[in-house]
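Take a look at the structure set out below.
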Amino acid sequence: MADRSHIKGSLDAGSGSSSGKLTPSYLDPDYRVFGDGMTYKSVTDKVTDIVLKLKTSKGWWLGFGISFMALQVLVISIIYLLIKGPGIWGVNNPSMWGFAIINFVWWIGIGHAGTLISAILLLVQQDWRTSINRFAEAMTVFAVMCAGLFPLLHVGRPWLAYWMLPYPSTMGIWPQFRSPLLWDVFAISTYLTVSVLFWYLGLVPDLATLRDRAVKKAKKVIYGFLALGWRGSAKHWDRFTTAYLILAGLSTPLVLSVHSIVSLDFAVSNLPGWHTTIFPPYFVAGAVYSGFAMVLTVMIPVRHVFGLHDILTLRHLNNMSKVMLAMGLVVAYGYAMEAFFAFYSGGQYEIQAFQNRVFGPYGWSYWALILCNVAIPQLLWFRRFRVTLVPLWMISNIINIGMWLERYVIVITLTRDFMTSSWGYYVPTIWDWSLYLGTFGLFFTCTFLFIRFLPMINVFEMRELIHHVKHHEHHDKAGHGTEVEVSH
Amino acid sequence: MNRSSTELRAKYAAMSRTAMIAGLIGVIGLVVGWIVEADKFYQSYIFGYAYWITITLGMIGWMLLHNMTAGKWGFTIRRFLQAGTFNGGFLTPLLLMAVLIIPIIIGSGELYDKWMGAHDGDHVLENKTFYLNEPFWYARMVFYFLFWIFLTMTLKRLLNREERTLDTSFSNMRTIQRLSGGGLVLFLLTVNFSMTDWMMSLEPHWFSTIYGVILLIGGVISAIALCIVMTVSSSKYAPFSKYLDTKTYHDLGNLMFALTVFWAYVSFSQYIIIWSANLAEEAGWYLKRTEGINEYIGYGLLVFHFIFPFLVLIQRKWKRDPNRLKRMAIYILAVHFIDIFWQIKPAFQRVGEASGLNIHWLDFAAVLGIGGLWLWLFLGGLANMKEPLLPAHDPRMKGAKPIADEDLATVNA
């Protein structure tokens, strides 16, 4: 790797913003995609040092330790579940879809930010995606792993889960191809496969950097093995770029398809409150909403701990907040349409289902959902809340809770069906909670390992971005008056 | 090759006159039809109206979106968006659409007789009277247009202030962004409710939460298609000739491409959910549209509104070559006609009777009449626009200021 540390100094794209002038946000130095003085070398150093040089901090051990303990809760919960069966959960007639489905939808939604950032923002050439895509992709993989556990365990006999696959079985029974539950099997396995491939492919050049920079033999061997013989030749780069674009193209429909199919699990049923045509896009928006919220929840502390302010600038936080706000508004539109069309339909069951949702025994959860997902996120209209870390972190946590509540509100519709005699009340048991907690353990254990052992920022893309910005700045200065006059 | 913007304005003016003549022919047709076949007239009229109102609303949507995102593609088409909505003065397409709602109001008793008339003990319709009742329906019409006109008028004023007085201060731009952001939220709601009022309530038992989105997306694709046609047609004249580059075409083409896919996505979502549930109150809508010849139009939409444009527009050369892109844009405007036809005209057929194609010569007269007048005002607005044809004083539009100054000089001369 060539050392280009001689290229230093002003990559300052917006230095015209001196004091006393009103500055549009896109010219504000705080809103650039990387900070002052970031060079090819400093980016590489900053990211690879976390993996190779810095001593493992006490904070990391503490975080990893807690996560790992939570992971053990998951193991225990699963073992006990396999011994006793799903009867240990709170699910029973009429509400057979309890926490398992709520948490499944919640986790799978969280994965969507990664795919959106990696694939769609790449295709629409948003340069600010560069420093967050690796992290978000990793989160996608971990979140889909957590999500996949739930339906697998919910089937009751997970060792027979392969029955869901359409193979020419000796029993002569095929799965029901019209059922969205089967589509889920395909959608999620495809999603996991493509996400892992995309993530790993993007890692290869950086793994080679780690291999080249590693001092210890073992690290050289392991990273070298994972780098698949990457030499950085022009031919490698050519093929890499092509493969990366193809995978981005393949991932793009997945952003829509996975959560659309999840929404069809509900919408294809004939249940009032579930059977509504806006579900697919509204679920997708909700997924991206919760995904961005989770990325911010995790990244804001990581940025602080590892001092990544120059790489994860306020511009990133600002833009992610804007995407989050937009998605939140789409979700709010969905709620409004559900409410309006419940009454517009004129059908008594639709109206009743909605009234139950809002004023029934679980009415508190609906109003909490509106508070978390619609009311509080409106603060993101104000720039102050988009770029101040603590409030933004709190809002993103509130959205995480809100999106969980959304799925809770939807699933809980089951407790009141058409006959009052069969109405019930769903109460999760300790084992529901422990399994949910346990998936946090899985998610964060993986995240901590990822932070420690892999480059969490995309080094080669950052370097490319620095080159790009520098080149453009040079170009702009050479060209005719492109600097913007900012009047008072 | 490089002609002046004065010539471009003259071209717009000439096209505007042609459009006016076409519009008048259409209007004469409509008047004749109204006298001869009044019952068919309203059905055709609402079809023609739906075609053009969705495009008008699509233009408002693009304007609001671009004020917030500020991509280069949007500066290119901003004048078209302004000319297509509210352009100052009385003769603007949006005001035209507000006036042209009058025949629908006159004919409402016939078009919406299922819910405006007696309910005959129909419980479902009785449950809907909180929303579907005549006074409220009229009040909503007034509200929608007042809101749309107010929104676009205010935006026009703010954007023009920025350009005319060169007030490119941050606060002004912030106001524009804020207004567009908040406006977009309300705009989407008004679009949904207006589509419910005009189109969905033609079959008052039926409902679908995504219906407003489907129609809006159809309109939004057509609006960008119309802007592409205008952009390419203007590309050889100043100021466009100096500003347009391949990337702008590529971006516009990508937007059209992505929305075509999104249109298919939302349309299919609605279909799969209603088809698989097969509930009596919903399935009727699709039964009418999948009977007889309507079924083939439905399949045709799948092929011609999604598969074909998908396969064409996924190719770079079709987005980067302006002439090919223009051809595709005209094509999209044509399939929007079929889409709206399939959405609206079967509403007047009954399940089990829909053997024939519910097409009438008045359908064409309506699209031509309303469209001719629409384009007359649209192109006339562009020809007489006091501002330069590129909003180059917008501080976000890099490198275009000299072009605009030159253009402004020709206008003032």
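The shown structure was predicted, so the numbers you read here are calculated from the model rather than taken from an experiment. Quick note on labels: first sequence line is chain A, next is B, and so on, each numbered from 1.
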Task: Which atom of His275(A) lies closest to which atom of Ala277(B), heavy atoms considered - done: CE1-CB, 3.0 Å
Open item on the list: Out of Ser201(B), Ala258(B), Ser208(B), return the one with the most heavy atom pairs under 4.5 angstrom to chain A.
Closed with: Ser208(B)
Open item on the list: Is Leu256(A) in contact with chain B via its backbone, its side chain, both, or neither, using a 4.5 Å heavy-atom distance?
Closed with: both
- [ ] Heavy-atom pairs under 4.5 Å with chain A are the metric here; pick the option from Asn192(B), Val185(B), Leu184(B) that has the most.
- [x] Asn192(B)
Task: Under 4.5 Å from a heavy atom of chain A, the part of Trp275(B) involved - done: side chain
Open item on the list: Report which part of Phe130(B) has an atom under 4.5 Å of a heavy atom belonging to chain A: side chain, backbone, both, or neither.
Closed with: side chain
TODO: First locate atom OH of Tyr282(A), then atom OG1 of Thr209(B), and finally report the distance between them rounded to the nearest 0.5 Å.
DONE: 10.0 Å
Open item on the list: Does any backbone or side-chain atom of Tyr344(A) lie under 4.5 Å from a heavy atom of chain B? Answer side chain, backbone, both or neither.
Closed with: both
- [ ] Please determine, by modelled atom types, if Ser260(A) and Tyr265(B) share a side-chain donor-acceptor pair under 3.5 angstrom.
- [x] yes
Open item on the list: Tell me whether the count of non-hydrogen atoms from other residues, nucleotides or ligands lying under 6.0 Å of CZ in Phe306(B) goes above 12.
Closed with: yes
Open item on the list: Which heavy atom of Phe382(A) sits nearest to which heavy atom of Arg178(B), and what is that distance?
Closed with: CD2-NH2, 4.3 Å
Open item on the list: With a 6.0 Å cut-off (strictly less than), is the heavy-atom count around OH of Tyr349(A), excluding the residue itself, greater than 12?
Closed with: no
- [ ] List the atom of Leu264(A), the atom of Ile273(B), and the distance in Å for their closest heavy-atom pair.
- [x] CD2-CG1, 3.5 Å
Task: Closest non-hydrogen atom pair between Val124(B) and Ser345(A), with its separation - done: CG1-O, 3.5 Å
- [ ] Kindly compute the distance separating CE (Met337(A)) from OG1 (Thr196(B)), expressed to the nearest 0.5 Å.
- [x] 7.5 Å
Task: Max heavy-atom pair count under 4.5 Å with chain B, selected residue of Phe343(A), Phe279(A), Phe340(A) - done: Phe340(A)
- [ ] Drop me the distance from Asn270(A)'s CG to Ser276(B)'s OG, to the nearest 0.5 angstrom.
- [x] 7.5 Å
Open item on the list: Does any part of the side chain of Pro281(A), heavy atoms only, come nearer than 4.5 Å to the side chain of Val213(B), both counted from C-beta?
Closed with: no
TODO: Quick one: do Thr277(A) and Glu282(B) satisfy side chain to side chain contact (heavy atoms under 4.5 Å, CB included)? Show the steps, please.
DONE: CA-CA 11 Å; Thr277(A) 49; Glu282(B) 295 173 346; 5.9 Å; no
TODO: Identify which of Asp251(B), Thr129(B), Leu132(B), Asn254(B) forms the greatest number of heavy-atom pairs closer than 4.5 Å to chain A.
DONE: Leu132(B)
